[in-house]
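Okay, structure first, notes after.
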Amino acid sequence: MSSDPLTSNVRPATDSLITVRIIKSFPYRNVKNHIIKDIDLKATTPKQLLEKLVDVINTTGALRPYRNVEYNTVKIYTKAHGSKSMNLVINFENDDDWVLVSPSVDGTAKSLWDLGIQNETELSLFNWDAYVEYKANPEEKW
């Protein structure tokens, strides 16, 4: 049996790595991963993360096709070393607990760390109204 620590525990919370799944379209499965290195989970709120991600999308050439969506929601896709969703685009489970910031969730009261975000957690960034519409009828288009 290995005594190596889990990779999620190797980096400190003040210098973590998270993956953000930027979702442009649910039905067409337009998703691009963006890796954030060196994030301080204890000092960053979900609202600050949302603002940073919108800025990254608006200033990164490779993300130009993703600029026509109003991103207003950050939700946990999977926790480090946890089971993944069967849906390849979004995790429909745990809306009450895993939505970190949205039109109805302020996202400024607690840090990402206080909300259970650890190193190597995967988050989803998307538009809330598009999510609600897709969740009501999760039909994929090609």
Side-chain angles (χ1 to χ4, degrees), residues 2 4-142:
S2 174
D4 292 338
L6 293 173
T7 54
S8 57
N9 298 332
V10 172
R11 294 176 70 134
T14 54
D15 181 30
S16 293
L17 180 142
I18 58 173
T19 302
V20 179
R21 303 163 48 78
I22 304 169
I23 303 170
K24 178 180 177 180
S25 167
F26 292 101
Y28 291 99
R29 294 186 359 192
N30 297 105
V31 179
K32 187 159 188 90
N33 288 341
H34 177 71
I35 297 172
I36 300 177
K37 301 173 186 165
D38 311 323
I39 186 170
D40 185 345
L41 298 174
K42 291 187 174 180
T44 307
T45 66
K47 183 76 169 176
Q48 290 169 328
L49 177 64
L50 174 64
E51 291 166 358
K52 177 181 179 173
L53 290 167
V54 168
D55 186 53
V56 166
I57 291 168
N58 289 331
T59 57
T60 304
L63 296 174
R64 186 178 306 274
Y66 289 77
R67 292 182 188 164
N68 63 347
V69 174
E70 181 193 336
Y71 299 100
N72 58 14
T73 305
V74 176
K75 180 182 176 183
I76 298 171
Y77 179 69
T78 181
K79 294 191 176 187
H81 308 291
S83 60
K84 294 204 175 198
S85 168
M86 291 301 291
N87 188 304
L88 298 175
V89 180
I90 189 76
N91 179 351
F92 286 135
E93 307 298 316
N94 307 312
D95 279 356
D96 294 337
D97 300 332
W98 285 17
V99 172
L100 306 177
V101 61
S102 73
S104 61
V105 178
D106 181 61
T108 58
K110 293 182 176 182
S111 71
L112 293 170
W113 180 259
D114 293 335
L115 293 166
I117 308 302
Q118 297 179 358
N119 185 45
E120 295 195 4
T121 297
E122 282 188 47
L123 303 176
S124 297
L125 173 70
F126 54 91
N127 177 279
W128 179 256
D129 292 338
Y131 170 69
V132 170
E133 183 180 323
Y134 181 69
K135 189 173 180 180
N137 182 22
E139 182 180 317
E140 292 178 359
K141 300 176 182 175
W142 299 97

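Everything numeric here is computed off the predicted structure, so don't read it as measured data.
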Atom pairs and distances, donor-acceptor, side-chain atoms in residues 45-52, under 3.5 Å, two or more places apart:
residue: Thr45; atom: OG1; partner: Gln48; partner atom: N; Å: 3.1
residue: Thr45; atom: OG1; partner: Gln48; partner atom: OE1; Å: 3.4
residue: Gln48; atom: OE1; partner: Thr45; partner atom: N; Å: 2.8

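Taking the six-membered ring where tryptophan is involved, the planes of Tyr131 and Trp128 are tilted, since the angle between them lies from 30° to 60°.
With a 4.5 Å cut-off on side-chain heavy atoms, Leu100 and Ile117 count as touching. A heavy-atom distance below 4.5 Å is found between the side chains of Ile36 and Leu53.
Asn91 and Tyr77 make their closest contact through ND2-O, 3.1 Å (heavy atoms, listed as atom of the first residue, atom of the second, distance). Of all heavy-atom pairs between Ile90 and Phe26, the closest is CB-CE2, 3.8 Å. Residues Asn68 and Lys24 come closest through the heavy atom pair OD1-CE, 3.4 Å. Closest approach of Thr121 and Gln118 over heavy atoms only: OG1-O, 2.8 Å. Scanning all heavy atoms of the two residues, the minimum distance from Tyr134 to Glu139 falls at CE1-O, 3.6 Å.
Within the model, atoms CG of Asp38 and CG of Asp15 stand 4.5 Å from one another, a figure rounded to the nearest 0.5 Å. Of the inter-residue distances, the one linking Ile76 atom CD1 with Glu122 atom CD reads 11.5 Å to the nearest 0.5 angstrom. Rounding to the nearest 0.5 angstrom, the gap separating the OG1 atom in Thr78 from the CD atom in Glu120 is 11.0 Å. Taking CG from Asn30 and OH from Tyr66, the interatomic distance works out to 5.5 Å, rounded to the nearest 0.5 Å. Here the straight-line distance linking atom CD1 of Ile23 with atom CG of Asn33 works out to 9.5 Å at 0.5 Å rounding. With rounding to the nearest 0.5 Å, the separation of CG in Leu125 from NE2 in His34 is 10.0 Å.
Checked against side-chain contact (heavy atoms from CB on, under 4.5 Å), Ser16 has the following partners two or more places apart in sequence or in another chain: Ile39, Leu41, Asn119.
At distances below 3.5 Å, at least one donor-acceptor pair connects side-chain atoms of Arg21 with backbone N or O atoms of Val89. For the pair Tyr71 (side chain) and Ile22 (backbone), a donor-acceptor distance under 3.5 Å is absent. Checked by atom type and distance alone, the side chain of Ser25 pairs as donor or acceptor with a backbone atom of Tyr28 at under 3.5 Å.
At most 12 non-hydrogen atoms from other residues, nucleotides or ligands lie less than 6.0 angstrom from CD of Glu133. Within 6.0 Å of the NZ atom in Lys135, the count of heavy atoms belonging to other residues, nucleotides or ligands exceeds 12.
Within the cation-pi definition used here (under 6.0 Å to the ring centroid, within 45° of the axis), Lys75 does not qualify as a partner of Trp98.
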